[in-house]
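A quick write-up on the structure given underneath.
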2 protein chains.
Amino acid sequence: MPAKKYHHGDLKNALIKAGVGILSKDGVGGLSLRKVAKKAGVSHSAPYAHFADKQALIAAISTEGFKHLYTELDAAVSPYSSDPRQQLIEGAWAYAQFATNNTDTFNIMFSGVLEKEKDYPAFVEISRKTFERVVEIIKACQDAGVLRPSPPELMAVSVWGQVHGIISLALEGQISHTVLDRFTLRDILLFALDSNVGRD
Amino acid sequence: MPAKKYHHGDLKNALIKAGVGILSKDGVGGLSLRKVAKKAGVSHSAPYAHFADKQALIAAISTEGFKHLYTELDAAVSPYSSDPRQQLIEGAWAYAQFATNNTDTFNIMFSGVLEKEKDYPAFVEISRKTFERVVEIIKACQDAGVLRPSPPELMAVSVWGQVHGIISLALEGQISHTVLDRFTLRDILLFALDSNVGRD
DNA sequence: CTAAAATCTAGACAGTGTCTAGTTTAAAAT
DNA sequence: ATTTTAAACTAGACACTGTCTAGATTTTAG
C-alpha cells in the first residue's frame, strides 16, 4: 500500500480516468470538477494545476474517447482488408457498439458539450485521424465498385453522417417503436448502408 | 405601460420565451432558471409554480422547438405535393436551416440535455408527429418510385438519420475542411439524398 | 362572502466553477 | 551539496446555481 504522497505523480491521467468514471455513472449533467478531484483523492482546486478549466478536462476526456473509438473502429475493420463491403458494415457496427457502451462519452464527444473544439489540438488531431480512417474504407469500397465513384471525402461524410445520425437518434430515444419492435439497430444500419451500396 | 401586477398572467409562456432567448444568447451551458426568471421579471423561485424543475423547462423549450421544426418542415414540403423528390430535398434543407438558425434549441432537442423525454407527453407527441410527417414524405417517394420499396418507417429512419447526422456533424465542426472548402452543406445533403434516391 | 387554491416573494442550503494566497515537494542551478 | 526556482498541491473565498421551505398576495370556487 503506497503511502499518500503530496505529489500524486500522475494526477492528470488520474483525473481523466476519474472523469470517465463519474461520467458513466452520473451522466454529463452529473460531471463536476469537484467530484472528479475527490474521486482522485486530491483537493477541489488541484485540477487547476493540470487543466485550465472544466472545458479543458472535458476536452481531454473527449480526446480519450476518440482514441478509444479509433482503436475499436480500426480493430473491427482490419480483419476484412479484402472485403470492403464488410469493412463498411463492421465499421458501422463498431461505431454503434462504442456509442451504446459509452453513451455519455459519446455525448460529450458529439453533442456540443465541448464548446471550442478548435482550441484543443489533440482533440482536433484524433478526430481528423478518425475521419481519414473512414475515408480509407470509403476509398476501398469505391475501388471495389461497392460504392459509386465520387470525391471520397464527400462520400465519407455522407455515409459517416448516416451511421452517426441513426445512432444518435437511437441513443436519444427518437426512433419510433413501430421500427424498434421489428428491427434491431444492426438491421437498421444494414438497411441504411445498402442504400449507399446499391441494390442487389 | 402596464403596471406591474403581482400575478404575471402568462408566466409559463413568458418563461419559455425567455428561456429560448437566453439559450440562443448564452448557449446550453449558460441557460439557468434564475436568469430566465430575472428576464421574465419574476423572483428566482417563481418558475417552480409552473415547472417541476429545470428539466421540465427544458422539456417545454424542446417541445416548442419541435413545433417550430414541424411547421418549417411542413411549410417547405407542402408546395411540392406533386414532386416527392423535391419534397425530400426541401424537407432536408428546411431541417438544416432550422438547425443552423437555432443551434442551441436544436442541441437541447437532440443532444441528451433532456434526460427523460418519456416523462413529457407533449414532447413525445410532437416528436412522434414530426416523424410521421417524414414517413408521409417517404411513402410519397416510394409510390413515385423515387425510393425503393421497403417498410416506410425503416426508410424514414434511414433517410432522416442521414440528414440529421450530417447536420449534427456540421454543427459540431466535425466536417473536414477538405470537404467544406469544396462543397456547401446543401451540396452535401443533395449528394447524400442521391445515394438513397438512385442514380440518374 | 368566505374558503381554498394558485401564484408569487424571500430566505436558506448544499453544490458548483474559479480565483487567490500560501504550503509542500521536486527539479534546476550554482 | 546547497540554494533557488518552479511545479504540484491545499485551504479559503466568491458569485452563481437548482431546489426547498415558509409566508404573502391574488384569483377562483363554493
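Chain A is the first sequence line, chain B the second, and so forth, proteins listed ahead of strands; every chain is numbered from 1.
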**OP:** On DNA chain C, check which nucleotide each of L11(B) and R34(B) is closest to and give me the residue with the more 5' one.
**Re:** L11(B)
**OP:** Send over the distance from L57(B) CG to dT17(D) C1', rounded to a whole Å.
**Re:** 14 Å
Subject >> Spacing of I22(A) atom CD1 relative to dT16(C) atom P, expressed in whole Å >> reply: 9 Å
**OP:** Look at the aromatic rings of W160(A) and H164(A) and report parallel, tilted or perpendicular, splitting at 30° and 60°.
**Re:** perpendicular
**OP:** Would you mind reading off the distance between Q55(A) atom CD and dT16(C) atom P, rounded to a whole angstrom?
**Re:** 17 Å
Original post:
Does the E90(A) side chain pair with the main chain of A76(A), one donor and one acceptor, at a distance under 3.5 Å?
Top reply: no
**OP:** Hey, which sits more toward the 5' end of DNA chain C by its nearest nucleotide, G9(B) or K35(A)?
**Re:** G9(B)
Original post:
S32(B) has a side chain; which of dC9(D), dT17(D), dC8(C) sits nearest to it?
Top reply: dT17(D)
Original post:
OH of Y48(B) versus C1' of dG11(C): gap in Å, rounded?
Top reply: 15 Å
**OP:** Would you mind reading off the distance between F51(B) atom CZ and dC8(C) atom P, rounded to a whole angstrom?
**Re:** 11 Å
**OP:** Please work out if S45(B) contacts a base, only the sugar-phosphate, or nothing of the nucleic acid, heavy-atom cut-off 4.0 Å.
**Re:** base
**OP:** Return the value, rounded to whole Å, for the distance between atom CG of L33(B) and atom C1' of dT16(C).
**Re:** 15 Å
**OP:** Starting at atom NE2 of H44(B), determine the distance to atom C1' of dA22(D), rounded to an integer number of angstrom.
**Re:** 13 Å
Original post:
Nearest-Å distance, NE2 (H50(A)) to C1' (dA6(D))?
Top reply: 14 Å
Original post:
Are R148(A) and F191(B) in a cation-pi setup, meaning NZ or CZ lies under 6.0 angstrom from the ring centre and within 45 degrees of the ring axis?
Top reply: yes
Original post:
Are the aromatic rings of F131(B) and F66(B) close, with centres under 6.0 Å apart?
Top reply: no
